[in-house]
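Encoded as structure tokens, the structure appears first; notes follow it.
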Amino acid sequence: MDSILVKGGGALNGEIPIAGAKNACLTLMPATLLTEEPLTLTNAPRLSDIATMTQLLQSLGSEVAGLQGGKVLAMSSYRIGNHTADYDIVRKMRASILVLGPMLARDGHAVVSLPGGCAIGARPVDLHLKALEAMGADLDLRDGYVHAKAPGGRLKGAVVEFPFVSVGATENALLAATLAKGTTVLKNAAREPEIVDLAQCLRRMGAQIEGEGTATITIQGVDRLGGATHPVVTDRIELGTYMLAPAICGGEVECLGGRMSLVASFAEKLDAAGVSVTETERGLKVARKNGRVKAVDVTTEPFPGFPTDLQAQMMALLCTADGVSVLEEKIFENRFMHAPELIRMGAKIDVHGGHATVTGVEKLRGAPVMATDLRASVSLILAGLAAEGETVVSRVYHLDRGYEHVEEKLGACGAKIERIKG
Ligand code: UD1
């Protein structure tokens, strides 16, 4: 298994291109199942999660070709040849559940294994299933699989009110509603930029959707959807992660393709910590003002609040801040698994349930540490860049699920980072 060696100390200066969003791409790809015509995604990120979704779609009979080194995904699902999403693929990635809505909407039946994914809490899919049930689906849970049927072969429009915000459930319901008979209203819908991107792509395919980006999305079902070409939105989590690199190490980095609207609440916290963020024509320029950063309190929330997917990386910054910071995790229980690893590097962190109290120290020290999930792994790399001495992050297969060319991107700004093949 590969590991990453980081030698800490120096400031970072330069520019980092930000890729298309993994989480947007993972919800856009299943949209191919809604149409017999080709769907092409440009600005796709090159990640192992995308390879897993490719494999899943291919197992269902879709053609998926990665062009231009994987930056363009040309997909075609002339017919769905197999309506069963197998456990062997689904268990690798939770987003696999997103093939359920489209298959059910197009052909009136689907069988999908219940998913696995990152070990950050229970993460059930009950809201996905309730939304589809409200649209008329008959669901039967047997042997770890969801067996779904639409009576008469077609879902019907419904009012779906989510009890709390779920990105994935909103996406599954949105995908399914495009081909349902009648009008669907999604209330308390997620407002994430990835949902807006999905709605824009579906509209290009002929769907009738209003209200994406607000808490109420209205979809007028159509009889068929056609092909389209769609650019994947910028990855706001990769963006935020690299914005933290100069914040932690000092220096100035321009994140190309970044926009303030994608990371406004996060940028506000950086500003409060003493890190400047400026929007330029090419992206976002981030520089650490003089001296140590200041402690800030952070609470994770659905968009437009502070994203849970940046909590681990933000904690890495606050480990060396001046003062005491409290981080509250409101989206996932059990999402502080990076804390014990940061403590190995000299951080002072107390975790109590959904809160972590971080008392800033002057310096972290390099240490061998272990990545426990995707965002935790990159937080350890960021911490290593600011630490004295060497840090070796093992189990980096988590990292490869969500960050392309991380060594090259940070290395180009002066970071001492290399992959050790294992
Ligand atoms: C997506 C993102 C993930 C991000 C998360 C929150 C993808 C591929 N992943 O995950 O990176 O951290 O949004 O921004 O886009 N829940 C239920 N029942 C359900 C669905 C969710 O109880 O049916 C709970 C979850 O356990 C969690 C909360 O709802 O506590 C929010 O989860 P959700 O927004 O659905 O996250 P994902 O779509 O899985």
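Both ligands and their constituent atoms are indexed starting at 1 by order of listing.
- Atoms of ligand 1 lying under 4.0 Å from at least one heavy atom of H128, given by number and element, are 23 (O).
- Contact annotation: for A169 versus ligand 1, there are no heavy atoms closer than 4.0 Å.
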Item to check | Intermediate values then yes/no, side-chain hydrogen bond (donor to acceptor under 3.5 Å, both in side chains), R335 and T308 | outcome: CA-CA 9 Å; R335 206 181 191 178; T308 174; 2.7 Å; yes

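- Atoms of ligand 1 found under 4.0 Å from any heavy atom of R335, numbered from 1 in the order shown, are 12 (O).
- At a cut-off of 3.5 Å, with distance as the only test, no side-chain donor of T32 or S62 sits close to an acceptor on the other residue.
- Polar contact check, F332 against ligand 1: no nitrogen or oxygen pair lies under 3.5 Å apart.
- The side-chain heavy atoms of I349 and V351, taken from C-beta on, include a pair separated by under 4.5 Å.
- With a 4.0 Å cut-off on non-hydrogen atoms, R94 touches ligand 1 through its side chain and not its backbone.
- Side-chain atoms of I4 and S394, non-hydrogen and from C-beta on, never get closer than 4.5 Å to each other.
- Among T308, I195, D126, the residue whose heavy atom lies nearest to atom 17 (C) of ligand 1 is D126.
- In this structure, E301 has no heavy atom closer than 4.0 Å to ligand 1.
- In this structure, S96 contributes its side chain and M93 its backbone to a donor-acceptor pair below 3.5 Å.
- Which of F164, F303, F162 comes nearest to atom 29 (O) of ligand 1 through a heavy atom is settled by distance: it is F164.
- Within a 6.0 Å sphere centred on CD of E408, other residues, nucleotides and ligands contribute more than 12 heavy atoms.
- Contacts with ligand 1 closer than 4.0 Å are made by side-chain heavy atoms of D309 only, the backbone lying farther away.
- Taking every non-hydrogen atom of G168 and a distance limit under 4.0 Å, the qualifying atoms of ligand 1 come out as 35 (O), 38 (O).
- Closest to atom 28 (C) of ligand 1 by heavy atom, among D373, I331, L26, is I331.
- The shortest side-chain heavy-atom distance between Y397 and S48 does not fall under the 4.5 Å cut-off.
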